[in-house]
Amino acid sequence: MNNKLYPTSQNLLNTFVIARKEERFLLTVFCNTSTIASVLRLALLSAICLIVGTMIGSAVGPCLLIWAACGVLATLGALCYAELGTMITKSGGEYSYLTEAFGPLLAYLYSWTTVMVLKPSSFAIITLSFAEYAANPFYPGCTPPLVVIKCLAAVAIFMIVTVNCFSVKLANYVQNFFTVAKLFIILVIVVAGMVMLARGNTENLSNAFDGTSSSIGAIGLAFYNGLWAYDGWNQLNFITEELKQPSRNLPLAILIGIPLVCVCYVLVNVAYFSVMTATELLLSPAVALTFGDRVLYPLSWIVPLFVVLSTFGSANGSCFTAGRLAYVSGREGHMVKILSYISLKRYTPSPALMFNGILAIIYIIPADINTLINYFSFAQWVFYGLTALALIVMRFTRKELHRPVKVPIVIPGLIVLVSCYLVLAPIIDKPDMEYLYCTIFIFSGLLLYYPFVHRKVNWARKLMRPITMHLQLLMEVVPPEN
């Protein structure tokens, strides 16, 4: 396994030589690649915090059955990723696994779709939730203006990207702190809910499923929203190269983190039902705030405070892993090279992090949360299914690979079937143009793949060389070890 990711200052000659030649500026960076090494290794506790902290955000579901079923599905999917992550010990998540199983073309389409849409849209969704909860206390009795929410979301994106560009260690500390904060508020809500149930407030639990739809498409959309709350179970696979003892800590973090999240979600929703009907829960713009006002007054202010911390931590985890995917795909030549460069002073993949943040700010301008969730989930589950299929394929084509973790083949088979259902059911039940747009966008990457990745046309290299050089000077970044 190549654990060397960030450049260290030891034995590093970082001399920028700028010379005028044929009316072009040439930049030369001398770097002893044998000293490229990670400045931070995530231990088991930090790995668990990344999973829990990224998964627990602010989502709300209509019934306990959906939450429990989504938790089981997320656990099964994560077990597949545990085998893949310990078998192929490269960062990049699905990108690395699709490359090994199906070749570079499918991996490129994944990186194209994820780097350009899925990761930044996920980042945008979480920061919009953060902004909504942060602004709510300042607008009692009414909904905060949309422009305020979007401006707050943009500020949050800027702060998170800055932290992640400044220091890997600082980003890790931030993630651990906010994970503890969100587990604390979950404990407060659960204990308060248990007290209300002990007082006899159980009538809402007896009819919690009244009024729900049983259509195929509606169930698929319910799973979309439920699984959106569980999204993050694959986050560790994006940073496998930065884990301490990945063959041990990756599966352990999954087996501890995801069931913990599942239990938290179910118990929190039981607490919500102790004081809110299903209709009230669905209509509330901020469920945790409504619960706090009804149960914890006059200390209800702690709920919005800790929910803001929760969503901020979730956004930080999303940003942390998104930069690694862009870094790996740039390193492999499937994205522009500048995205694979590393900060000379901070040892962070700052170009990839900034690029993800800029796209996230663009996505918060026109879209609302629900549209982004549906768009995100449709494309994401296409690749989740393909990754599970890759695990099945490599059982037969890559038998020589060492597998510290090996799940029954029926589990990835089930994930493939569920992925097909989640992709096709909403389209069949209610065909919308957004699904067509998503599909067109995925395959539009082929227009760039053939000339720029497969053929590597010379004029593109000549065009990108001065751009890369000036960006390299501006951001003070260097190429990673090959």
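A quick note: this is a predicted structure, and the numbers were derived from the prediction, not measured. Heavy-atom basis, side chains included; hydrogens, waters and symmetry copies ignored.
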I'd like to know if the side chain of [X] and the backbone of [Y] have a donor-acceptor N/O pair within less than 3.5 Å.
| X | Y | value |
| --- | --- | --- |
| Asn249 | Lys244 | yes |
| Arg346 | Leu344 | no |
| Asn356 | Ala352 | no |
| Thr240 | Asn237 | yes |
| Asn172 | Val168 | no |
| Thr311 | Val307 | yes |
| Ser167 | Val163 | no |
| Ser129 | Ile125 | yes |
| Thr127 | Ala124 | yes |
| Arg324 | Phe320 | yes |

Side chain to side chain, [X] and [Y], heavy atoms closer than 4.5 Å:
| X | Y | value |
| --- | --- | --- |
| Val336 | Met464 | yes |
| Glu476 | Lys345 | yes |
| Met354 | Cys165 | yes |
| Tyr110 | Thr99 | no |
| Gln245 | Leu250 | no |
| Arg331 | Val328 | yes |
| Val393 | Phe102 | yes |
| Ile342 | Val477 | no |

Which atom pair, heavy atoms only, marks the closest approach of [X] to [Y]?
| X | Y | result |
| --- | --- | --- |
| Thr86 | Ala82 | OG1-O, 2.8 Å |
| Cys319 | Val161 | SG-CG2, 4.1 Å |
| Ile415 | Cys80 | CG1-SG, 4.2 Å |
| Val148 | Ala135 | CG1-CB, 4.3 Å |
| Ile126 | Ala315 | CG2-N, 3.5 Å |
| Lys337 | Tyr341 | O-CD1, 3.1 Å |

Could you work out, with side-chain hydrogen bond (donor to acceptor under 3.5 Å, both in side chains) as the rule, every residue matching [X], not counting sequence neighbours?
| X | answer |
| --- | --- |
| Tyr95 | His334 |
| Arg395 | Glu83 |
| Asn234 | Glu94 |
| Tyr173 | none |

Over 60° means perpendicular and under 30° means parallel, so tell me whether Tyr108 and Tyr449 are parallel, tilted or perpendicular. tilted

Contact list for residues 97-113, test salt bridge (Lys or Arg N to Asp or Glu O under 4.0 Å), sequence neighbours left out: Lys90-Glu100, Glu100-Arg398

Write out all pairs satisfying salt bridge (Lys or Arg N to Asp or Glu O under 4.0 Å) with one or both partners inside residues 412-423, taking only residues at least two apart or from two chains. none

Excluding sequence neighbours, so at least two apart, what forms side chain to side chain contact (heavy atoms under 4.5 Å, CB included) with [X]?
| X | value |
| --- | --- |
| Leu446 | Leu105, Leu109, Phe443 |
| Ala78 | Trp233, Ile254, Ile258 |
| Val308 | Phe130, Tyr133, Ala134 |
| Leu359 | Met116, Pro120, Phe355, Ile362, Tyr363 |

Cation-pi check for Phe452 against Arg455: NZ or CZ below 6.0 Å from the six-membered ring centre and within 45 degrees of the axis, yes or no? no

If you draw the axis of the six-membered ring of Phe238, does the NZ or CZ of Lys119 fall within 45° of it and under 6.0 Å from the ring centre? yes

Just checking Phe441 against Trp112, ring centres under 6.0 Å apart? yes

Please find out if less than 6.0 Å separates the ring center of Trp381 from that of Tyr421. no

Under the side chain to side chain contact (heavy atoms under 4.5 Å, CB included) rule, what do Ser343 and Met475 come out as? Steps first, then yes or no, please. CA-CA 7 Å; Ser343 171; Met475 294 185 285; over 6 Å; no

With sequence neighbours left out, write down each residue that passes salt bridge (Lys or Arg N to Asp or Glu O under 4.0 Å) with Glu332, or none if nothing qualifies. none

Residues which pass salt bridge (Lys or Arg N to Asp or Glu O under 4.0 Å) with Lys406, listed by chain and number, not counting sequence neighbours: none

Criterion ring pair (Phe, Tyr, Trp, His ring centres under 6.0 Å) against Phe178, the qualifying member of Phe312, Phe306, Phe184: Phe312

Distance from [X] atom [atom1] to [Y] atom [atom2], nearest 0.5 Å?
| X | Y | atom1 | atom2 | result |
| --- | --- | --- | --- | --- |
| Leu243 | Ser91 | CG | OG | 8.0 Å |
| Leu118 | Phe383 | CG | CZ | 7.0 Å |
| Ile392 | Thr397 | CD1 | OG1 | 11.5 Å |
| Leu305 | Leu309 | CG | CG | 5.0 Å |
| Ile186 | Ser310 | CD1 | OG | 6.5 Å |
| Leu128 | Ile364 | CG | CD1 | 6.0 Å |

Give the intermediate values and the outcome of side chain to side chain contact (heavy atoms under 4.5 Å, CB included) for residues Leu391 and Val407. CA-CA 10 Å; Leu391 176 57; Val407 299; 4.2 Å; yes

Trace of the side chain to side chain contact (heavy atoms under 4.5 Å, CB included) decision for Leu187 with Leu183: CA-CA 6 Å; Leu187 179 63; Leu183 289 177; over 6 Å; no

Check the pair Leu339, Ser329 against side chain to side chain contact (heavy atoms under 4.5 Å, CB included), reporting the backbone distance first and the verdict last. CA-CA 8 Å; Leu339 293 182; Ser329 58; 5.9 Å; no

